[in-house]
Amino acid sequence: MPITNLAPIPELYVSYESSQKLKVEAADLTSWDMTPRQICDLELLMNGGFNPLKGFLNEADYDGVVENMRMADGTLWPMPITLDVSEKFAETVELGQDIALRDQEGVILGTMTVTDKWVPNKSREAEKVFGADDQAHPAVYYLHNQAGSVYLGGPVTGIQQPVHYDFRARRDTPNELRAFFRKMGWRRVVAFQTRNPLHRAHQELTFRAAKEAQANLLIHPVVGLTKPGDVDHFTRVRCYEAVLDKYPASTTTMSLLNLAMRMAGPREAVWHGLIRGNHGCTHMIVGRDHAGPGKNSAGEDFYGAYDAQDLYRTYQDEIGVEMVDFKHMVWVQERAQYEPADEIEDRDNVTILNISGTELRRRLAEGLEIPEWFSFPEVVNELRRTRPPRAQQGFTVFFTGFSGSGKSTIANAVMVKLMEMGGRPVTLLDGDIVRKNLSSELGFSKEHRDLNIRRIGYVASEITKNGGIAICAPIAPYATTRRAVREDIEAFGAFVEVHVATSIEECEKRDRKGLYKLARAGKIKEFTGISDPYDVPESPELRLETESVDVDNCAHQVILKLESMGLIAG
Ligand code: PPS
């Protein structure tokens with residue numbers, strides 16, 4: 001395998017002088033405000049992390065990449081790097097036109113000459129790239145619900161890097177890392193890709209991998225976008241810093257990679273290999289279930305545990321970065337050390353210990369002990385600071401149901417009961433309150449309802465993040481919007497969906513506000529349950545039948561649910 005980490009690789013940036021000029025000129029161009037994912041992609045396009053890509057994929061390259069992981073000229077590339085935009089924006093752009101690419105503050109990071117514009121077949125993309133058109137896969141969900149419907153392709157000219165204010169000293173472009181390796185004389189470098197905090201087992205396995213490959217070690221965590229629900233990168237980087245001290249001096253370094261992961265398992269492993277090659281690494285550790293997205297909607301794994309290793313092996317020579325197989329490390333109590341699970345010959349006579357990710361989260365959530373053989377105390381402290389036990393975290397209770405189902409009444413009762421218990425501030429975001437204070441200009445079209453729910457979700461996520469309790473009680477008729485809100489909130493604390501399952505017949509019979517009568521008479525249009533849809537929640541945390549149960553009992557069921565989830569101390 002060639003030594004790949006010596007010479008600089010091509011970047012898409014123009015010189016400083018040209019960039020100053022271009023920046024002024026680009027201010028007059030039609031501009032696209034990039035999404036967080038596009039900003040990550042653009043950074044790696046411009047700095048050579050996605051070398052040999054010269055821009056967002058054009059249609060021919062996209063087709064090849066989707067179909068068989070090859071660009072039109074045959075180059076291996078497994079992941080579609082596309083500039084998805086809205087139909088409305090696409091209509092304003094002609095082929096051959098230059099557009100400015102802006103970050104979320106409006107800073108122009110680069111320009112793109114649009115050579116291609118097309119409407120992709122997203123289901124095909126999902127099937128081919130992610131293995132299934134199943135929205136349980138986070139990238140498939142993103143593709144169908146967040147990505148724009150038109151793709152633009154064309155070469156990019158880089159003006160400036162996205163600005164990062166955090167951990168600046170730990171961020172390196174591929175060429176900066178290459179220069180560092182050259183300076184240090186590191187010819188063989190094994191990369192460890194990660195989106196999780198490192199514990200003792202990881203430290204052992206990475207150290208062993210480096211020894212086996214007779215290489216230096218690069219801890220190369222992803223700090224762009226990872227899987228929804230992951231530990232935030234600020235916490236993780238503080239944890240990594242603590243673990244770095246545990247390696248022998250000057251064998252190991254760490255650099256942060258602003259990659260937006262897709263959780264595409266096997267294809268993602270090949271992509272990670274190419275990216276690490278660009279960053280000057282000669283080896284990469286590929287583990288069990290590398291970049292796995294979790295379970296599909298039938299409850300099965302999307303990919304086989306070793307599919308990523310198999311695909312990587314097939315393309316290893318072309319990738320140019322040698323794979324180091326991950327060893328499953330376990331703690332052998334009698335010998336007080338980590339050993340590769342498959343090398344323990346006396347396994348019947350020794351005690352083998354391991355703590356799974358799920359068990360770790362449970363212990364953190366419940367404030368239970370995490371033994372020193374499992375993780376370094378500094379790492380555990382950081383994790384506990386970010387994730388206090390559940391009974392001290394913020395959370396959101398999200399009631400959904402028809403108008404007149406009893407949401408507001410039950411939500412009020414729950415609020416009062418929680419306030420009686422004390423400990424955390426409680427905010428009620430009732431449908432009516434929100435429509436008066438946050439969404440007074442909105443009506444009841446799908447677009448407006450979605451906006452209304454996203455606003456509620458945003459406020460609730462802020463409350464949750466800051467340790468409070470948010471109680472929401474809108475109709476929230478659309479499942480996809482409820483799911484999006486769930487994702488936003490679960491980044492900070494629990495999301496407890498409560499379906500107030502009063503039937504439409506019963507709501508209409510009660511008709512407390514007289515609205516159903518008006519809806520039947522056609523005087524209120526788009527009325528949920530009468531002339532507008534309601535997606536019944538498939539698996540809410542709690543479903544309340546209200547027809548023969550009084551309000552106090554319904555509220556009590558919610559409190560019991562919160563207790564059983566560990567959100568309030570028993
Ligand atoms: S949504 O769909 O979640 O944005 O709705 P929400 O903000 O909860 O507002 C629902 C309240 O608005 C009144 N109302 C209507 N509801 C449904 N459909 C239509 N067309 C409509 N027009 C007005 C109604 O009183 C709802 O109040 P609740 O508290 O649910 O009874």
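Counting convention: from 1, in listed order, for ligands and their atoms alike.
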(message) Which label fits Phe398 and Phe495: parallel for a plane angle under 30°, tilted from 30 to 60°, or perpendicular past 60°?
(response) tilted

(request) Number the atoms of ligand 1 from 1 as they appear, then name those within less than 4.0 Å of a heavy atom of Lys407, with their elements. (result) 30 (O)

(message) Considering both backbone and side-chain atoms of Ala476, is one of its nitrogen or oxygen atoms within less than 3.5 Å of a nitrogen or oxygen in ligand 1?
(response) yes

(request) Write out the residue and atom name of the closest protein heavy atom to atom 27 (O) of ligand 1, then the distance separating them to 0.1 Å. (result) Lys513 NZ, 3.1 Å

(message) For ligand 1, which is the ligand I care about here, please tell me if Ile475 has any N or O atom under 3.5 Å from one of the ligand's N or O atoms.
(response) yes

(message) Within the structure, is a non-hydrogen atom of Arg512 found at a distance of less than 4.0 Å from ligand 1?
(response) no

(message) Would His448 count as a contact residue for ligand 1, given that I'm defining contact as a non-hydrogen atom of the residue lying under 4.0 Å from a ligand atom?
(response) no

(message) Between the side chains of Asp307 and Arg288, is the shortest nitrogen-to-carboxylate-oxygen separation below 4.0 Å, so that they form an ion pair?
(response) no

(request) Among all protein heavy atoms, pick the one closest to atom 9 (O) of ligand 1 and tell me residue, atom and distance. (result) Arg435 NE, 3.3 Å

(message) I'd like to check which ligand 1 atoms, numbered from 1 as shown, lie under 4.0 Å from a non-hydrogen atom of Lys525.
(response) 20 (N)

(request) For Gly404, counting its heavy atoms only, list the atoms of ligand 1 lying under 4.0 Å from any of them. (result) 31 (O)

(request) For residues 81-95, pull every pair meeting side chain to side chain donor-acceptor pair (under 3.5 Å), keeping only residues two or more places apart or in separate chains. (result) Gln38-Asp84

(request) Inspect the surroundings of CZ in Arg512 and state if more than 12 heavy atoms from other residues, nucleotides or ligands are less than 6.0 Å away. (result) no

(message) What's the separation between atom CZ in Phe89 and atom NZ in Lys117, rounded to the nearest 0.5 Å?
(response) 9.5 Å

(request) Would you mind running through ligand 1 and noting each atom that sits below 4.0 Å from a heavy atom of Ile453? (result) 3 (O)

(request) Please check if the side chain of Lys525 supplies one atom and the backbone of Ser531 the other of a donor-acceptor pair under 3.5 Å. (result) no

(message) Can you name the atoms of ligand 1, numbered from 1 with element, that are less than 4.0 Å from a heavy atom of Arg449?
(response) 2 (O), 4 (O), 17 (C), 18 (N), 19 (C), 20 (N)

(message) A quick test of your reading: do over 12 heavy atoms of other residues, nucleotides or ligands sit less than 6.0 Å from NE2 of His144?
(response) yes

(message) Quick test of your reading of the model: are Lys295 and Asp301 salt-bridged, counting only N-O distances below 4.0 Å?
(response) yes

(message) If we set the cut-off at 4.0 Å for heavy atoms, which region of Leu515 has an atom near ligand 1: side chain, backbone, both, or neither?
(response) side chain

(message) Tell me whether Arg390 forms a cation-pi arrangement with Phe395, defined as NZ or CZ under 6.0 Å from the six-membered ring centre and within 45 degrees of its axis.
(response) no

(request) Look at the rings of Trp118 and Tyr62 and say which category their plane angle falls in: under 30° parallel, 30 to 60° tilted, over 60° perpendicular. (result) tilted

(message) Once you restrict to heavy atoms under 4.0 Å, what part of Phe444 touches ligand 1? Side chain, backbone, both or neither.
(response) side chain

(message) Residue-level breakdown please: for Pro477 versus ligand 1, do any non-hydrogen atoms fall below 4.0 Å on the side chain, on the backbone, on both, or on neither?
(response) side chain

(message) Need the ligand 1 atom indices (1-based, order shown) with element for anything under 4.0 Å from a heavy-atom of Glu526.
(response) 18 (N), 19 (C), 20 (N)

(message) Among all the protein's non-hydrogen atoms, which is closest to atom 26 (C) of ligand 1, and how far away is it?
(response) Ser403 OG, 3.8 Å

(request) Using the side-chain hydrogen bond (donor to acceptor under 3.5 Å, both in side chains) rule, pick out the option among Arg238, Arg236, Arg387 that qualifies with Glu382. (result) Arg238

(request) Report, in ascending order of atom number, the atoms of ligand 1 lying under 4.0 Å from any heavy atom of Thr528. (result) 17 (C), 18 (N)

